[in-house]
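Just so it is clear: chains get the letters A, B, ... in the order the sequence lines come, proteins before strands, and each one is counted from 1. In what follows, every heavy atom counts, from backbone to side chain, and hydrogens, waters and symmetry copies are set aside.
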Number of protein chains: 2
Amino acid sequence: MSTEHPPRPTDAELEILTVLWSRGPTTVRDVHETIAARRPTQYTTVLKQMQVMAEKGLVLRNEDQRAHIYEAARPREWTQKQLAGDILARAFNGSAKSLMMGALSSRKASKQELAELRALLDEYEKRTR
Amino acid sequence: MSTEHPPRPTDAELEILTVLWSRGPTTVRDVHETIAARRPTQYTTVLKQMQVMAEKGLVLRNEDQRAHIYEAARPREWTQKQLAGDILARAFNGSAKSLMMGALSSRKASKQELAELRALLDEYEKRTR
DNA sequence: ATCTTACTACGAGGATCGTCGTATGTCAAC
DNA sequence: GTTGACATACGACGATCCTCGTAGTAAGAT
């Protein structure tokens, strides 16, 4: 059993993980095309990045096909939990309230989003009571 | 007028900013002693770091005294807003709900903290209605 | 068979990060 | 005026990040 955590992803790595999470297991080409649609970048740059990520344990690679299939080693929620916990401890003194204040003040929140947040609190309280 | 944003602070820079925010304007010695109490580090390491931070615009430096006085260039809340907005966009698809889920799942939240979060939502809704 | 296309492997380079050692300056106390 | 304590300045080093070019390989099309 692996209790080994992959390291915190860097900015570029997180961008790639985001694609993998939404696309599911896929090829370098696919990831590159997605990223290149928003930002100019070379195919081999993405390739190299993903090779390094495989070494770090951030992604898994299936080499059965000629075009290797990559997938995120950890589910989105798992990594989000790590990142949230990390930033919470390092920048917000562990205060979830401060973090939420920062998030809300960084952009407008819709009425619906606020309702979702309330629902989340309800749910959390129910689950842990 | 400066609309110039200082860059996102690195991990080491954030640690120093945290000290400056809680201590207020102070010397390198003071910052170093605070950090060295938790983690072994050399005085000149902290000094160099803070010099670089001054160049980047992350801190302000008053050189009137022999021991320069440093202070954070931006208040804690301002930087927290940047960091929250940044992580929100890069790792959480802009979803405050996901961010909150990550934060809550990363460690236990007390009943009081949950109440604070509710109060924060109330307050936010009131202010923006 | 050769050509073309698509893929991986890999080295390398420039930038930034975090660290520290050393040089140098200042000031007070002896 | 020499010494010692304490401050800044600064260069340099190893590690990591991000980028890309080039080489090599596999497979299908002509």
Side-chain angles (χ1 to χ4, degrees), chain A residues 5-20 23 25-71 79 83 86-87 90-91, chain B residues 5-20 23 25-71 79 83 86-87 90-91:
Chain A
H5 283 198
R8 169 156 55 109
T10 66
D11 287 1
E13 287 166 351
L14 187 53
E15 188 179 18
I16 289 171
L17 284 176
T18 296
V19 176
L20 290 178
R23 274 266 200 291
T26 188
T27 61
V28 173
R29 176 138 313 267
D30 197 5
V31 172
H32 172 250
E33 275 171 8
T34 303
I35 293 180
R38 329 187 257 270
R39 179 172 68 81
T41 186
Q42 290 304 116
Y43 175 85
T44 55
T45 299
V46 176
L47 168 64
K48 176 68 165 184
Q49 200 71 248
M50 292 174 75
Q51 287 170 340
V52 171
M53 290 170 76
E55 280 173 17
K56 289 184 180 179
L58 285 167
V59 297
L60 303 176
R61 176 167 62 173
N62 180 325
E63 309 183 1
D64 290 351
Q65 315 291 333
R66 186 160 95 88
H68 300 172
I69 303 295
Y70 288 79
E71 69 180 307
T79 301
L83 291 173
D86 179 71
I87 200 76
R90 290 209 342 277
Chain B
H5 283 197
R8 170 157 55 109
T10 66
D11 288 0
E13 287 166 351
L14 188 54
E15 186 179 20
I16 288 171
L17 284 176
T18 296
V19 175
L20 290 178
R23 273 266 200 292
T26 187
T27 61
V28 173
R29 177 138 311 267
D30 198 4
V31 173
H32 172 250
E33 276 170 7
T34 302
I35 293 180
R38 328 188 257 268
R39 180 172 68 80
T41 187
Q42 290 304 114
Y43 175 84
T44 56
T45 298
V46 176
L47 168 65
K48 175 69 164 185
Q49 200 71 248
M50 292 173 75
Q51 287 170 341
V52 171
M53 290 170 78
E55 281 173 17
K56 289 186 181 179
L58 286 168
V59 298
L60 304 176
R61 176 166 63 172
N62 181 325
E63 309 184 0
D64 291 350
Q65 314 290 334
R66 185 159 94 89
H68 300 171
I69 303 296
Y70 288 80
E71 69 180 307
T79 301
L83 290 173
D86 178 72
I87 200 78
R90 291 209 341 280

### Task
Measure the CG-OG1 distance between B:N62 and B:T27 for me, rounded to the nearest 0.5 Å.
12.5 Å
### Query
Rounded to the nearest Å, what distance is computed from the CG atom of residue A:D64 to the P atom of nucleotide D:dA26?
16 Å
### Query
Taking OP1 and OP2 of D:dC18, is either one under 4.0 Å from a side-chain nitrogen or oxygen of A:T45?
no
### Summary
With the side chain defined as heavy atoms from C-beta on, B:K56 is closest, among C:dC20, C:dC17, D:dG21, to C:dC17
### Query
Between B:L47 (CG) and D:dA7 (C1'), how many Å, whole number?
8 Å
### Query
So, is B:R61 close to the D:dA9 phosphate, meaning a side-chain N or O under 4.0 Å from OP1 or OP2?
yes
### Task
Quickly work out the B:Q65 CD to C:dA28 P distance and round it to whole Å.
12 Å
### Value in whole Å for how far the P atom of D:dT16 lies from CG of A:D11
17 Å
### Query
A:R39 near the nucleic acid: base, sugar-phosphate alone, or nothing, with a heavy-atom cut-off under 4.0 Å?
sugar-phosphate
### Message
Looking at B:T41, is its backbone amide N or carbonyl O close enough to the side chain of B:T45 to form a donor-acceptor pair, meaning the two atoms are under 3.5 Å apart?
### Response
no
### Phosphate contact (C:dA9 OP1 or OP2) by A:Q51 side-chain N/O below 4.0 Å
yes
### Query
Does OP1 or OP2 of D:dC6 have a side-chain N or O of B:Y43 closer than 4.0 Å?
no
### Query
Within the distance-only criterion (no hydrogens, no angle test), does the side chain of A:H68 pair as donor or acceptor with the backbone N or O of A:T26 below 3.5 angstrom?
no
### Message
Regarding D:dC6, can its base be found pairing with the side chain of B:R66 as donor and acceptor, where the two atoms are less than 3.5 Å apart?
### Response
yes
### Query
Would you call A:R39 and A:E15 a salt bridge, using N to O less than 4.0 angstrom?
yes
### Message
Between B:Q49 (side chain only) and B:V46 (backbone N and O only), is there a donor and an acceptor less than 3.5 Å apart?
### Response
no
#### Entry: Distance in angstrom units between A:E15 CD and D:dC17 C1', rounded
14 Å
#### Entry: Rounded distance in Å - CE (B:M50) to P (C:dG18)
15 Å
### Message
If the cut-off is 4.0 Å, is A:K48 near the phosphate of C:dG13, judged by side-chain N/O to OP1 or OP2?
### Response
no
### Query
Taking atom P of D:dC6 as reference, at what distance in whole Å does atom CD1 of B:I69 sit?
17 Å
### Query
Should A:T10 be listed as having a side-chain N or O under 4.0 Å from OP1 or OP2 of D:dC18?
yes
### Query
To the nearest angstrom, how far is A:E13 atom CD from D:dC18 atom C1'?
10 Å
### Query
What's the closest nucleotide to the B:Q49 side chain, out of D:dG21, C:dT19, D:dT8?
C:dT19
### Query
Just to confirm, is there a sub-4.0 Å distance from OP1 or OP2 of C:dT16 to any side-chain nitrogen or oxygen of B:R8?
no
